[in-house]
Amino acid sequence: MPANATDSRRALMVWGALAIVYVVWGSTYLGIMIAIETMPPMLHGAMRFVTSALLLVGFLLATKRLAPFRMSLRQFGGAALVGLLLLTGGNGMVAVAEQHISSGLAALLVAAVPLWLVLLRVVARDRPAVLTLAGVLVGFVGVAALSLNGGGEQAGTTGIVVILLGSLSWSIGSFLSARVPMPANVWTASAVEMLAGGLGLAVAGLVTGERLDVAAVSGRSWAALAYLVLVGSLVGFTAYTWLLGNAPISLVSTYAYVNPVVAVLLGVLVLDEHVTTQIVLGGVVILIGVALVVSIERRSKSMSPVVEETGVAH
């Protein structure tokens with residue numbers, strides 16, 4: 001096959017995978033909102049991630065047998081800790097928050113995760129560039145704008161507090177994922193993370209009084225859960241993992257500021273969510289801050305702490 005044809009095919013595959021990450025990960029906020037219409041938020045997450053983990057384990061066993069599961073206890077523990085922080089504390093709190101705020105507002109606030117990661121680097125005595133810190137400042141001005149008066153939404157304050165705490169947990173898990181022992185196989189690490197995160201959500205949901213009334217769950221919520229499992233967790237993660245090995249990280253990282261836009265548009269089109277001027281302006285400021293951080297970090301060759309760690313918990 002001629003080199004030009006090979007390059008064109010590769011470019012199509014890259015953009016196809018990128019489109020999947022853009023749309024699929026942007027749509028998970030909508031999927032969560034529909035699922036929790038008739039399901040408890042944390043128990044829905046428990047079912048989602050435990051099921052995804054078991055499917056991934058089954059796939060690995062069928063294709064690779066036991067080889068991917070060779071890991072030390074410390075590696076297992078590291079992946080489990082990251083899973084609890086990302087999925088129980090991070091993704092679980094997104095579902096809890098979406099009981100109080102729109103899916104679009106939730107996505108815009110989660111977009112600030114790269115900004116939290118820079119602050120964690122400062123705490124760890126790393127020294128980000130001055131322009132990176134400027135981007136963080138710009139981004140958090142946007143977060144503050146969205147947080148005032150709940151982004152213009154009724155009962156939004158509770159949801160915003162919950163999602164900011166969840167984003168912080170998500171960021172700590174992302175930060176630690178490159179700094180604690182992890183299984184060598186990325187699929188195995190993901191399976192352990194999802195299993196630990198799902199079990200953590202099950203415990204948290206039951207302890208806080210959540211109960212699943214199967215008879216009360218609508219077909220629409222079951223369909224959303226199936227979408228989150230098969231498309232959100234498995235297809236999206238597979239596309240993202242492939243991109244990390246086949247596309248520049250600077251291109252892959254653009255999902256961080258495309259996903260919120262997709263989430264807002266889907267919320268408006270599917271759920272008829274109301275987007276206020278405050279949400280639009282605050283969201284634009286956050287995305288400008290994130291774009292500034294990502295571009296500066298790319299140039300300084302310090303991308304891994306800011307971008308590569310943010311794509312796990314969808």
Side-chain angles (χ1 to χ4, degrees), residues 20-21 24-25 27-29 31-32 35-36 39-96 166 169-170 172-174 176-178 180-207 210 212 214 217 221-242 244 308-314:
I20 289 172
V21 173
V24 168
W25 279 1
S27 69
T28 55
Y29 298 92
I32 290 170
I36 65 173
M39 290 181 180
M42 286 187 278
L43 292 185
H44 120 273
M47 291 189 291
R48 172 189 174 183
F49 291 116
V50 170
T51 302
S52 299
L54 293 177
L55 288 173
L56 187 52
V57 167
F59 171 77
L60 289 172
L61 287 173
T63 56
K64 304 289 185 180
R65 300 187 181 275
L66 293 176
F69 299 98
R70 295 194 182 109
M71 70 185 94
S72 68
L73 188 59
R74 290 185 65 200
Q75 289 173 320
F76 179 86
L81 173 62
V82 169
L84 288 170
L85 289 165
L86 289 172
L87 304 181
T88 304
N91 198 282
M93 293 306 98
V94 170
V96 172
S169 177
W170 192 328
I172 293 171
S174 299
L176 291 178
S177 65
V180 297
M182 296 283 283
N185 186 294
V186 66
W187 307 105
T188 305
S190 181
V192 174
E193 288 171 13
M194 288 192 290
L195 184 60
L199 292 176
L201 282 167
V203 171
L206 293 173
V207 167
E210 287 190 359
L212 178 66
V214 175
V217 179
S221 290
W222 283 121
L225 180 64
Y227 176 84
L228 289 169
V229 169
L230 297 175
V231 182
S233 294
L234 298 179
V235 173
F237 180 72
T238 300
Y240 179 78
T241 303
W242 184 85
L244 287 180
E308 291 184 14
E309 296 171 349
T310 66
V312 184
H314 287 72

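Keep in mind it's a predicted model, so treat the numbers as computed, not measured. Heavy-atom basis, side chains included; hydrogens, waters and symmetry copies ignored. For the single chain, residues carry numbers from 1 onward in sequence order.
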*Would you mind reporting whether Leu201 and Leu43 have side-chain heavy atoms less than 4.5 Å apart?*
no
*If every non-hydrogen atom of Val24 is compared with every non-hydrogen atom of Gly232, which pair is closest and at what distance?*
CG1-CA, 3.7 Å
*Looking only at non-hydrogen atoms, find the nearest pair between Val21 and Ala239 and report the distance.*
CG2-CB, 3.9 Å
*asked:* Check for me whether the distance between the ring centres of Phe59 and Trp187 falls short of 6.0 Å.
replied: no
*Please lay out, stage by stage, how Leu228 and His44 fare under the test side-chain contact (heavy atoms from CB on, under 4.5 Å).*
CA-CA 10 Å; Leu228 289 169; His44 120 273; 3.6 Å; yes
*Nearest-0.5 Å distance that lies between atom CG in Leu54 and atom CG in Leu61*: 10.5 Å
*Under 4.5 Å between any side-chain heavy atoms of Ser233 and Arg48, yes or no?*
yes
_Gap separating the CG atom of Leu81 from the CG atom of Leu86, nearest 0.5 angstrom_ = 9.0 Å
*How close do Ala191 and Val57 get, heavy atom to heavy atom, and via which atoms?*
CB-CG2, 3.9 Å
*Ala79 and Glu193: which non-hydrogen atoms are nearest, and at how many Å?*
O-CG, 3.3 Å
*asked:* Is there a side-chain contact between Pro183 and Phe76 in this structure, where contact means two heavy atoms from C-beta onward sitting under 4.5 Å apart?
replied: no
*Nearest heavy-atom neighbours spanning Ala224 and Ala35*: CB-N, 3.8 Å
*Any side-chain heavy-atom pair from Arg74 and Met182 closer than 4.5 angstrom?*
no
*Beyond-backbone contact of Met39 with Leu225, side-chain heavy atoms, under 4.5 angstrom*: yes
*Heavy-atom side-chain proximity of Leu199 to Val50 below 4.5 angstrom*: yes
*Do side-chain atoms of Ser177 reach the backbone of Ser174 as a donor and acceptor pair under 3.5 angstrom?*
yes
*Heavy atoms, side chains only, cut-off 4.5 Å: are Glu210 and Pro41 in contact?*
yes
*Check the pair Asn91 / Phe49 against side-chain contact (heavy atoms from CB on, under 4.5 Å), numbers first and verdict last.*
CA-CA 10 Å; Asn91 198 282; Phe49 291 116; 3.7 Å; yes
*asked:* Could you go through Val192 and Met71, starting from their C-alpha distance and side-chain angles, then the distance that decides it, and tell me whether this counts as side-chain contact (heavy atoms from CB on, under 4.5 Å)?
replied: CA-CA 11 Å; Val192 174; Met71 70 185 94; 4.2 Å; yes
*Does a donor on one side chain sit under 3.5 Å from an acceptor on the other, for Thr28 and Tyr227?*
no
*Going from CG on Leu87 to CE on Met93, what distance comes out if it is rounded to the nearest 0.5 angstrom?*
11.5 Å
*Provide the closest heavy-atom pair for Trp222 versus Val217 in the form atom of the first, atom of the second, distance.*
NE1-CG1, 3.3 Å
*Out of curiosity, Leu195 CG to Leu56 CG, how far, rounded to the nearest 0.5 Å?*
10.5 Å
*Contact check, side chains of Leu212 and Met47, non-hydrogen atoms, under 4.5 Å*: yes
